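Chain letters run A, B, ... following the sequence lines, proteins first, then strands; residues in each count from 1. Because only heavy atoms are used, hydrogens play no part in the values below, and waters and symmetry mates are left out as well, while side chains stay in. Everything numeric in this text was worked out from a predicted model, so none of it was measured.
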Amino acid sequence: MCHKSCLDGLFYHPMTNEATARTAREVLEERGALGKDTVAARVDGKVYDLHSPVPNGASEVKPIGAHDADALPIIRHSSAHVMADAVQRLFPGTKVAFGPATDDGFYYDYAKPEGSFTEEDLRAIEEKMAEIVEADSSFRREVVTRDDARALLQSLDEGFKLEHLERLDDPISLYRHGDWVDLCEGPHVPSTGFLKAVKLTSVAGAYWRGDERNPMLQRIYGTAFASPKALRAHLKQLEEAKKRDHRKLGKELKLFAFHPHAPASPFFLPRGSTIYNLLESYVRSLYARYGYEEVITPQIFDNELFHTSGHLPSYAENMYMAATSENLEKLQRRIEERPPKNAEEWTQAFGESLRFGVKPMNCPSHCLMYGMTKRSYRDLPMRMADFGRLHRFERSGVVQGLTRVRTFAQDDAHIFCTLDQVQDEIKSFLDLVYDAYRDFGFTDVRIVIATRPEKRLGADEVWDQSELALEEAVKARELPYEIAEGEGAFYGPKIEFHLKDAIGRPWQLGTIQADFNLPERFDLSYVGEDNTAHRPVMLHRAILGSIERFFAVLTEHVGGSFPVWLAPEQIALLTVSEKFNEYAKNVQQELEERGFRVTADLSSDKLGAKIRQARLMRIPYLGVIGQKEVDGQGLALRSRDENKDLGFIPLSEVFDRLAQENKPPSATHSTRGDSHR
RNA sequence: GCCCAGGUAGCUCAGUGGUAGAGCACCCCCUUGGUAAGGGGGAGGUCGUGAGUUCAAGUCUCAUCCUGGGCUCCA
């Protein structure tokens, strides 16, 4: 049974079996366009099974070869059917749910009478699938009445399918191969023999219909390609991705670590801290250019603040609460003296005692800061930047490496401005973001405008206004964008910046969000030209998102080979023998005096071992020191990125070379920055 | 939080009921060597934690913590 969304309206569903119409296969054959590897046909832009009848008036009928991009979802979804067939043969009594194709493979959800699937089960299922493929059974489409479908599913005792059937619109179609039948929209490959490269990859739990209140099903993931060669290439790419995993590199390169006493909370080791601080410095340099002012705000607040901001109670499940022992003693006395009689009284008693909350975001404190003084329109726009540490209690199953942690900092800022200034602020931020991403080597940036969600604060007129402002700014910069309906934050619509890393994985990092709610809640105002009070607009924005997550994405993007301006160590001095250690120390000092990050390997290891070690740590430059270098007052330089020995270079040239690379790419082009002010 | 898989030396891992292992890293010694691992020796572990079964538990059972793959949620 297909998940509707996987098909994305791509496929055509004939209303009836037109006995007189010719099939796509016949049409293609007649035109000599039917290849051995043709899996389906594209008819006027829609995908047809080869055995489906083509409308008489069709103007264009093109074959889809197994190696065309369009063929992959068809091959994968057909693989899902074959897997379900194999599973039901091997594990009688197992029921099926949804089995769509995904971006890189397919899955099928099962309700297994008992237990779950093991790795060995996957291998057995693969073998059974191979038999089904070997049998080369044809896929056949049948359009049936709702009653017939219901009767069939009842006879098969497929409860999930029955439930789904009632949600489907007519026509109802079934697909069969061999004896196996599935409620499905199609299309499919002509026969199971077309499935030449299938691999089952993993097993996982998944809720029926993705709702955590529903029963947990067993999901088997797999992937399929047109050929074993393409499958091997895919698996190879997964291997490459594994090598770049920031958790692996974080350990190998001594960047960060975790300890069970602080779950999901990273320790940045010295090398990682260097990069972390450089990321912050970089953002600070942009702030200087784009007119931001940095502030530092408290970590723990009276919960009164979070009630004002609305984070309590709506965000309570993600917040850490703090209590002093004095508070707790008070709570104890209160309970002894006046025992709470019901849930409400208990909540009240705790609320009075656990008076403090650890901030999960900076905005409330920035609102306080804004409100501390009387503001004039002349003060606006006010751009308040904050690298404050945030704590969010994330559920145990969702944390992951540095990408989802419980303590982190954002390159956060809030812009207070007038309604008239919103568009310009967003335009300027677009410039800032694109500059920053380019400096880190991310060129493939996608803009998504996320609009009002169902659960939200604020009036509809306010949402209308803010959504329009975001869209107009993006249009003004002539950037392509998409709209994500209902994906906005509860307090306002937002622009999200999605980018792809070096191996094509998508990430959402930066964002800018309009917020008409917090200024209201905090009763913020400014005195206008007309000498009356006005409500300012608040914009939340981040470039990197969280520094932690950006650290992870960047690490994987560069595969641990940080550019010179970010590398924890920019050059390693390697002596050929201990006789040259004295000279090495002098060079180290000279480099450090010039502000370079340098390490010296003065051990008694042989040069080969030292080079190996420095290469493993991905140090951009290696300076080998032997008699020749001492005599000539230079280094035998070796570059990581060019991966070659550059030969003897005098010290002054080494300094110049490092200085050249010791800044973000944009800083080497002098024209930048001014135009954005 | 839910389903599944893991947790043994700093790291990577072997060890299926009977005396805790290897390689690398670390320390010491020899070697002073010119572009990805020179040689020898030494030290290092209450096998995540807590209960239980057993004559005997890294190994079996239960609980719990942490990590990983998913689901749901998200910067």
Side-chain angles (χ1 to χ4, degrees), chain A residues 107 109 112 115-119 121 201-221 242 245 247-248 251-252 254 257-265 315 317-318 360-362 390 392-412 487 489 494 496-497 507-511 513 540 542-553 574-581 603-617 622-629 636-640 643-648:
Chain A
Y107 65 78
D109 287 342
K112 197 164 175 268
S116 55
F117 297 103
T118 64
E119 281 294 313
D121 290 342
T201 50
S202 63
V203 57
Y207 300 106
W208 165 239
R209 292 194 176 281
D211 189 325
E212 60 185 336
R213 290 164 301 191
N214 285 340
M216 174 80 55
L217 305 171
Q218 297 298 318
R219 174 172 295 179
I220 297 179
Y221 281 93
K242 253 189 195 164
D245 189 315
R247 291 165 300 190
K248 179 173 148 64
K251 224 183 265 184
E252 287 173 4
K254 301 189 198 306
F258 289 90
H259 192 280
H261 286 350
S265 306
Y315 200 73
E317 61 183 25
N318 284 307
M361 42 193 73
N362 293 311
L390 306 177
R392 297 183 189 176
F393 179 73
E394 299 289 353
R395 299 199 293 172
S396 63
V398 309
V399 298
Q400 196 227 26
L402 286 184
T403 57
R404 191 80 179 270
V405 292
R406 290 186 176 147
T407 172
F408 61 101
Q410 295 176 318
D411 58 338
D412 200 9
E487 299 285 310
K494 58 183 174 182
E496 296 173 352
F497 300 89
W507 296 93
Q508 193 232 301
L509 299 172
T511 182
Q513 319 188 350
H540 309 252
I543 308 156
L544 310 183
S546 96
I547 315 283
E548 279 73 6
R549 180 177 289 180
F550 188 79
F551 192 114
V553 174
L574 314 177
T575 49
V576 169
S577 99
E578 286 169 290
K579 281 186 279 191
F580 312 111
N581 284 1
S603 70
S604 64
D605 284 338
K606 296 186 75 164
L607 181 60
K610 292 184 182 185
I611 285 174
R612 180 183 144 80
Q613 189 52 36
R615 295 271 303 162
L616 286 175
M617 294 309 272
L622 309 186
V624 173
I625 295 171
Q627 192 59 52
K628 275 180 281 182
E629 289 69 36
L637 209 60
R638 175 170 161 153
S639 144
R640 173 194 69 195
N643 193 21
K644 66 174 184 193
D645 186 355
L646 303 174
F648 177 87

Could you identify the nucleotide paired to [N], looking across every strand shown and requiring Watson-Crick or G-U wobble geometry with both distances under 3.5 Å?
| N | result |
| --- | --- |
| B/rU35 | none |
| B/rG23 | B/rC11 |
| B/rU59 | none |
| B/rC2 | B/rG70 |

Non-hydrogen atoms of A/Gln218 and A/Ser116 that approach each other most closely: OE1-CB, 3.1 Å
Nearest heavy-atom neighbours spanning A/Val405 and A/Glu394: O-CG, 3.7 Å
So what does [X] hit on the nucleic acid, given a heavy-atom distance under 4.0 Å: a base, only sugar-phosphate, or nothing?
| X | answer |
| --- | --- |
| A/Gln400 | sugar-phosphate |
| A/Glu394 | base |
| A/Gly210 | sugar-phosphate |
| A/Glu629 | base |
| A/Thr118 | nothing |
| A/Gly510 | nothing |
| A/Glu548 | nothing |
| A/Lys628 | base |
| A/Glu578 | base |
| A/Gly397 | base |
| A/Arg395 | base |
| A/Ala542 | nothing |

If I pick the [atom1] atom on [M] and the same atom on [N], what distance separates them, to the nearest angstrom?
| N | M | atom1 | value |
| --- | --- | --- | --- |
| B/rU64 | B/rC28 | P | 47 Å |
| B/rC13 | B/rA56 | P | 34 Å |
| B/rA9 | B/rC47 | P | 10 Å |
| B/rG1 | B/rA43 | P | 44 Å |
| B/rG45 | B/rC60 | P | 25 Å |
| B/rA36 | B/rG40 | P | 22 Å |
| B/rC74 | B/rA37 | P | 50 Å |
| B/rG7 | B/rU12 | C1' | 14 Å |

Distance, rounded to the nearest Å, where [X] contributes [atom1] and [N] contributes [atom2]:
| X | N | atom1 | atom2 | result |
| --- | --- | --- | --- | --- |
| A/Lys579 | B/rU31 | NZ | C1' | 12 Å |
| A/Leu509 | B/rA75 | CG | P | 12 Å |
| A/Tyr207 | B/rC3 | OH | P | 8 Å |
| A/Arg213 | B/rU72 | CZ | C1' | 11 Å |
| A/Arg640 | B/rU35 | CZ | C1' | 17 Å |
| A/Ile611 | B/rA36 | CD1 | P | 6 Å |
| A/Asp605 | B/rA25 | CG | P | 8 Å |
| A/Phe648 | B/rG34 | CZ | P | 18 Å |

Worked check of salt bridge (charged side-chain N to carboxylate O under 4.0 Å, His left out) between A/Arg638 and A/Asp645: CA-CA 4 Å; A/Arg638 175 170 161 153; A/Asp645 186 355; over 6 Å; no
Residue whose nearest RNA chain B nucleotide is more 5′ - A/Ser604 or A/Phe408: A/Ser604
First of A/Leu607 and A/Arg247 reached from the 5' end of RNA chain B, by closest nucleotide: A/Leu607
Derivation and outcome, salt bridge (charged side-chain N to carboxylate O under 4.0 Å, His left out), residues A/Arg209 and A/Asp211: CA-CA 5 Å; A/Arg209 292 194 176 281; A/Asp211 189 325; over 6 Å; no
If the cut-off is 4.0 Å, is [X] near the phosphate of [N], judged by side-chain N/O to OP1 or OP2?
| X | N | result |
| --- | --- | --- |
| A/Lys251 | B/rU12 | yes |
| A/Tyr221 | B/rC71 | yes |
| A/Ser396 | B/rG1 | yes |

Euclidean distance, A/Lys606 NZ relative to A/Leu574 CG, rounded to 0.5 Å: 15.0 Å
Just so I know, are the side chains of [X] and [Y] near enough to count as touching, which here means a heavy-atom distance under 4.5 Å?
| X | Y | value |
| --- | --- | --- |
| A/Phe408 | A/Arg392 | yes |
| A/Val576 | A/Lys610 | no |
| A/Tyr107 | A/Thr201 | no |
| A/Arg549 | A/Leu509 | yes |

Distance-only donor-acceptor test, A/Arg549 side-chain atoms vs B/rC74 base atoms, 3.5 Å: yes
base_contact_polar (B/rC73 base, A/Arg404 side chain, donor-acceptor, <3.5 Å): yes
Residue A/Arg612, side-chain heavy atoms: nucleotide from B/rA36, B/rC4, B/rG33 that is nearest: B/rA36
Of the listed nucleotides B/rC4, B/rA36, B/rA37, the one nearest the side chain of A/Ala609: B/rA37
